[in-house]
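All remarks here apply to the structure that follows.
As a basis for the values below, the full set of heavy atoms in this structure was taken, side chains included, without hydrogen atoms, waters or symmetry mates.
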Amino acid sequence: MTPLNSPIEVGVRALTLLAESHPEPMDLAQLVALDHVLLHSGEFDGPPSLHPDLPARAGELGRKRAVLEEGLLVLIRAGLAGVVDRSEGLMYAATDRGPVFVDVLEAPYAESLRERAEWVIHHFAAGTDARSTTQEIIGRASAHLARGEVGHG
């Protein structure tokens with residue numbers, strides 16, 4: 001099992017975002033984009049990034065969707081998240097148990113996730129258009145790469 005960006009880790013990050021937006025649901029595309037912003041928040045004028053800014057970080061988006069789907073299934077089986085049928089399609093939401101679970105996590109990384117999730121939800125989630133956010137992520141990563149800015153937040 002891959003320890004970094006495994007379905008469990010990505011699922012916990014998704015649950016942290018869903019707990020912060022609770023009871024409002026998000027679709028898979030929003031979760032993929034917001035998870036990227038959560039990890040690379042320094043690039044978006046937020047708190048320091050949790051993960052290093054690597055040259056191919058925009059490529060994370062393609063793989064992240066599949067791993068996030070697996071992580072969401074783990075959350076659903078555990079009763080921490082559920083699927084919500086909305087007119088705009090299937091969405092995911094934390095159950096009432098989701099935010100409680102996130103609150104009991106005590107590791108420093110979990111606290112960093114909660115802080116950044118709060119920032120992400122309040123600055124990006126309200127009108128998040130996943131397509132334009134994805135284009136912004138790719139554009140920022142490409143600009144950093146073109147300038148040779150690897151490892152900067």
Q) Which heavy-atom pair separates Leu50 from Ser112 by the least distance, and what is that distance? A) CD2-CB, 3.5 Å

**Q.** 4.5 Å side-chain heavy-atom contact, Leu72 and Leu28
**A.** yes

**Q.** From CG (Leu113) to OG1 (Thr16), nearest 0.5 Å
**A.** 5.0 Å

Q. Going by atom types only, do His22 and Asp96 share a side-chain donor-acceptor pair under 3.5 Å?
A. yes

(Q) Can you list everything that forms a salt bridge (Lys or Arg N to Asp or Glu O under 4.0 Å) with Arg114? Sequence neighbours excluded, please. (A) Glu111

Q.
Measuring from atom CG of Leu75 to atom CG of Leu18, what distance do you get when rounded to the nearest 0.5 angstrom?
A. 7.5 Å

Q) Do you know which two heavy atoms are closest between Pro99 and Ala19, and how far apart they sit? A) CA-CB, 3.7 Å

Q. Do Asp27 and Tyr92 have side-chain heavy atoms sitting under 4.5 Å apart?
A. no

Q) Would you say the side chain of Asp35 lies within less than 4.5 Å of the side chain of Leu68, judging by non-hydrogen atoms? A) no

Q | OG on Ser21 to CD on Glu118, rounded to 0.5 Å | A | 12.5 Å

**Q.** Minimum-distance pair of heavy atoms, taken over all atoms of Leu38 and Ala117
**A.** CD1-N, 3.3 Å

Q: Taking the side chain as every heavy atom from C-beta outward, state whether Met26 and Ile121 have any pair of such atoms under 4.5 Å apart.
A: yes

Q. Going from CZ on Arg86 to CD on Glu24, what distance comes out if it is rounded to the nearest 0.5 angstrom?
A. 5.5 Å

Q: Compare every heavy atom of Leu105 with every heavy atom of Ala110, then report the nearest pair and how far apart it is.
A: CB-CB, 3.7 Å

Q.
Hydrophobic clusters here meaning ILVMFWY residues chained together by side-chain heavy-atom distances under 4.5 Å, can you tell me if Tyr109 and Leu34 are in one?
A. yes

Q | Within 6.0 Å of CD in Glu106, more than 12 heavy atoms from elsewhere | A | no

Q) Are Val83 and Met91 side-chain neighbours, meaning at least one heavy-atom pair lies under 4.5 Å? A) no

**Q.** Shortest non-hydrogen contact between Ala93 and Pro23, atoms and distance
**A.** CB-O, 4.2 Å

Q. Does the side chain of Lys64 reach to within under 4.5 Å of the side chain of Glu69, using non-hydrogen atoms?
A. no

Q: Using a 4.5 Å cut-off on heavy atoms from C-beta on, say whether the side chain of Val84 contacts that of Leu90.
A: no

**Q.** By salt bridge (Lys or Arg N to Asp or Glu O under 4.0 Å) - contacts of Arg116 (at least two apart)
**A.** none

